[in-house]
Amino acid sequence: MKNKKVAKVLSIIAAIIVLLIVVASVGLGAMITDQVLYQNKNNNTIENSVKQLETWGYDLDGFYAKFGELGKDISVTAEDGNVCPATYFDNGSDTCVILVHGAGGDRVSVYPVAEQYLERGFDVIAHDQRGCGLNPDKKVTFGINESKDVKALVKYARETLGKTKVIVHGQSMGGQTTALYASNVTPGESDAADAIICDGPVPGMEFMLRSVFGDDDPEAMYGAMSDYFMFTSGVYMRVVNGVNYKKGDTIKEVAKDKLPTLIIVSDRDRTCPKDKVEEVYENVGSDLKEICHVDSEHIEGVIDDPKGYMAYVEKFLSKVK
């Protein structure tokens with residue numbers, strides 16, 4: 001009888017411990033998910049872009065003086081109903097380049113790239129990614145949902161603006177968005193670009209989260225604690241927010257990319273490591289794919305050597321029919 005009572009007490013204690021672990025895991029998953037998806041809720045992404053350009057020594061006033069009059073505000077509605085705000089620079093070209101900025105900023109952060117395209121006669125559209133600038137969707141999903149806005153912009157450039165050729169060029173997380181976008185469209189359809197360019201693309205949502213959990217230590221990134229964090233946040237994110245971080249695995253997803261693709265690697269990149277960006281390139285499924293290296297830090301090739309940077313871009317685009 002005594003043994004039965006002890007066993008019952010132990011069973012109750014075990015059940016309580018399991019319950020506490022489950023509750024704690026759900027709470028942890030919720031906290032991590034909130035920090036990931038709403039990473040910009042107390043972050044002025046519009047101000048951040050201006051500060052970043054100042055750090056780079058970029059003449060933003062000079063850009064506005066040269067090209068400001070060409071720009072006008074537009075918006076497109078994505079397949080999930082999100083209304084994406086953008087600026088369209090009408091240069092009178094039949095080719096339009098859609099620029100996709102990285103994390104923590106807004107459309108202004110890609111104006112150094114926009115300047116290079118505008119100087120060469122292209123039209124340009126720069127938009128605010130989700131969770132950034134004036135985009136009404138406050139969730140950052142590392143390109144998973146953001147790619148839907150790109151799809152709508154490409155279709156807008158073709159059907160509303162009447163452009164015969166559309167290029168998508170993304171930097172950092174914008175490069176990841178661009179790669180995921182290309183992996184989910186069919187060449188020849190109105191929402192499919194003629195080519196994409198990914199400058200220092202984030203190699204995957206999981207990779208970036210593990211980098212944070214493991215403080216960039218390769219062992220810690222794939223240790224038991226990081227695995228636990230990924231599991232709890234992954235389940236919560238998928239069940240509660242409908243976001244599956246595995247769909248943000250750039251390296252795996254690009255196997256489905258059938259668009260002409262250029263990958264730009266910054267050889268001194270500490271944010272998106274050179275070997276990971278090269279892995280993205282290796283896995284791209286397109287028949288026409290190229291890779292180029294610039295001697296710069298993360299996405300700074302266009303700042304350090306704009307002519308050299310654009311020489312790679314123009315050489316690639318000359319091969320795109």
Side-chain angles (χ1 to χ4, degrees), residues 39-40 43-64 66-67 89 97-120 122 124 126-129 132-133 140 142-143 146 167-179 196-204 207-208 211-212 216 250 261-281 290-317:
Q39 58 187 265
N40 290 326
N43 195 6
N44 190 329
T45 54
I46 296 173
E47 217 173 75
N48 288 350
S49 291
V50 175
K51 288 179 179 177
Q52 182 61 70
L53 296 181
E54 286 176 355
T55 300
W56 284 339
Y58 180 74
D59 183 7
L60 183 57
D61 290 335
F63 173 84
Y64 285 128
K66 281 194 287 185
F67 303 110
F89 295 91
V97 182
I98 295 167
L99 299 178
V100 193
H101 67 81
D106 75 337
R107 72 189 89 173
V108 172
S109 66
V110 293
Y111 282 1
V113 186
E115 178 176 0
Q116 297 306 313
Y117 279 111
L118 291 168
E119 284 184 344
R120 288 162 177 78
F122 294 92
V124 167
H127 73 288
D128 293 337
Q129 288 218 76
C132 303
V140 175
F142 289 77
E146 291 84 348
I167 312 299
V168 180
H169 185 144
Q171 293 185 302
S172 191
M173 197 181 80
Q176 179 184 26
T177 296
T178 300
I196 65 161
I197 298 167
C198 302
D199 182 355
V202 169
F207 175 81
M208 293 307 289
S211 294
V212 173
D216 289 324
T250 317
T261 299
L262 171 65
I263 304 294
I264 300 175
V265 183
S266 297
D267 286 338
R268 291 185 277 120
D269 199 328
R270 291 170 291 178
T271 303
C272 297
K274 175 182 173 181
D275 62 323
K276 288 294 181 181
V277 177
E278 289 175 334
E279 200 173 346
V280 171
Y281 165 75
E290 292 190 359
I291 187 170
C292 70
H293 291 254
V294 294
D295 182 23
S296 298
E297 295 188 13
H298 185 57
I299 68 167
E300 292 185 30
V302 72
I303 300 294
D304 297 339
D305 181 16
K307 288 185 179 177
Y309 182 93
M310 290 305 294
Y312 286 122
V313 170
E314 290 180 292
K315 183 180 177 183
F316 166 70
L317 291 181

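These numbers were taken from a predicted model, which means no experiment stands behind them.
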>> Restricting to side chain to side chain contact (heavy atoms under 4.5 Å, CB included), what partner residues turn up for Val212, sequence neighbours left out?
In response: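 None.
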
> How would you list, by chain and number, every residue that makes a side chain to side chain contact (heavy atoms under 4.5 Å, CB included) with Ser109, sequence neighbours excluded?
Replying inline: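 Expected list: Ser49, His101.
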
Could you check whether any side-chain heavy atom of [X] comes within less than 4.5 Å of a side-chain heavy atom of [Y], counting everything from C-beta outward?
X	Y	value
Pro306	Gln116	yes
Ile197	Val168	no
Val202	Ser172	yes
Val100	Gln171	no
Asn48	Asn43	yes
Pro201	Cys272	no
Ile167	Ile98	no

From [atom1] ([X]) to [atom2] ([Y]), nearest 0.5 Å:
X	Y	atom1	atom2	result
Glu54	Lys51	CD	NZ	8.5 Å
Thr271	Met208	OG1	CE	7.0 Å
Ile263	His293	CD1	NE2	11.0 Å
Ile291	Ile264	CD1	CD1	10.0 Å

>> Test of understanding: with salt bridge (Lys or Arg N to Asp or Glu O under 4.0 Å), list the residues that count as partners of Lys315, not counting sequence neighbours.
In response: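 Partners of Lys315 by the salt bridge (Lys or Arg N to Asp or Glu O under 4.0 Å) criterion come out as none, since no residue qualifies.
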
> With Asp59, which residues qualify under salt bridge (Lys or Arg N to Asp or Glu O under 4.0 Å), at least two apart?
Replying inline: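 Asp59 satisfies salt bridge (Lys or Arg N to Asp or Glu O under 4.0 Å) with no other residue.
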
Minimal non-hydrogen separation, [X] against [Y], with atom names:
X	Y	result
Leu99	His127	O-ND1, 3.3 Å
Trp56	Ile299	CH2-CD1, 4.1 Å
Ala179	Ile196	CA-CD1, 4.3 Å
Thr45	Gly133	OG1-N, 2.7 Å

>> Determine whether Val294 and Tyr312 satisfy the following criterion, side chain to side chain contact (heavy atoms under 4.5 Å, CB included), listing intermediate values before the conclusion.
In response: CA-CA 10 Å; Val294 294; Tyr312 286 122; 4.1 Å; yes

Can a donor-acceptor pair be found, under 3.5 Å and without considering hydrogens, that links the side chain of [X] to the backbone of [Y]?
X	Y	result
Asp128	Arg107	yes
Thr178	Cys198	no
Asn44	Ile46	yes
Arg270	Glu297	no

> Is there any salt bridge (Lys or Arg N to Asp or Glu O under 4.0 Å) pair reaching into residues 298-307, and which pairs are they, with sequence neighbours excluded?
Replying inline: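 The answer is none; no pair qualifies.
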
> For Phe207, which residues count as a ring-ring contact (aromatic ring centres under 6.0 Å, His included) partner, sequence neighbours excluded?
Replying inline: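 Not a single residue meets the ring-ring contact (aromatic ring centres under 6.0 Å, His included) criterion with Phe207.
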
> side chain to side chain contact (heavy atoms under 4.5 Å, CB included) between Ser296 and Asp267: does it pass, once the steps are laid out?
Replying inline: CA-CA 6 Å; Ser296 298; Asp267 286 338; over 6 Å; no

> Would Gln129 and Val140 satisfy side chain to side chain contact (heavy atoms under 4.5 Å, CB included), going step by step from the backbone distance to the final call?
Replying inline: CA-CA 8 Å; Gln129 288 218 76; Val140 175; over 6 Å; no

>> Among Tyr117, Tyr64, Tyr111, which residue satisfies the ring-ring contact (aromatic ring centres under 6.0 Å, His included) criterion with Phe89?
In response: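 Exactly one candidate clears the test, Tyr111.
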
> Given Tyr309 and Asp199, is the side chain to side chain contact (heavy atoms under 4.5 Å, CB included) satisfied, shown in steps?
Replying inline: CA-CA 10 Å; Tyr309 182 93; Asp199 182 355; 2.7 Å; yes

>> Quick test of your reading of the model: are Lys274 and Asp269 salt-bridged, counting only N-O distances below 4.0 Å?
In response: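 So Lys274 does not pair with Asp269 through a salt bridge.
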
>> Under a 3.5 Å threshold, yes or no: a donor from one side chain and an acceptor from the other, between Tyr58 and Gln52?
In response: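 Note: Tyr58 and Gln52 side chains miss the donor-acceptor criterion.
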
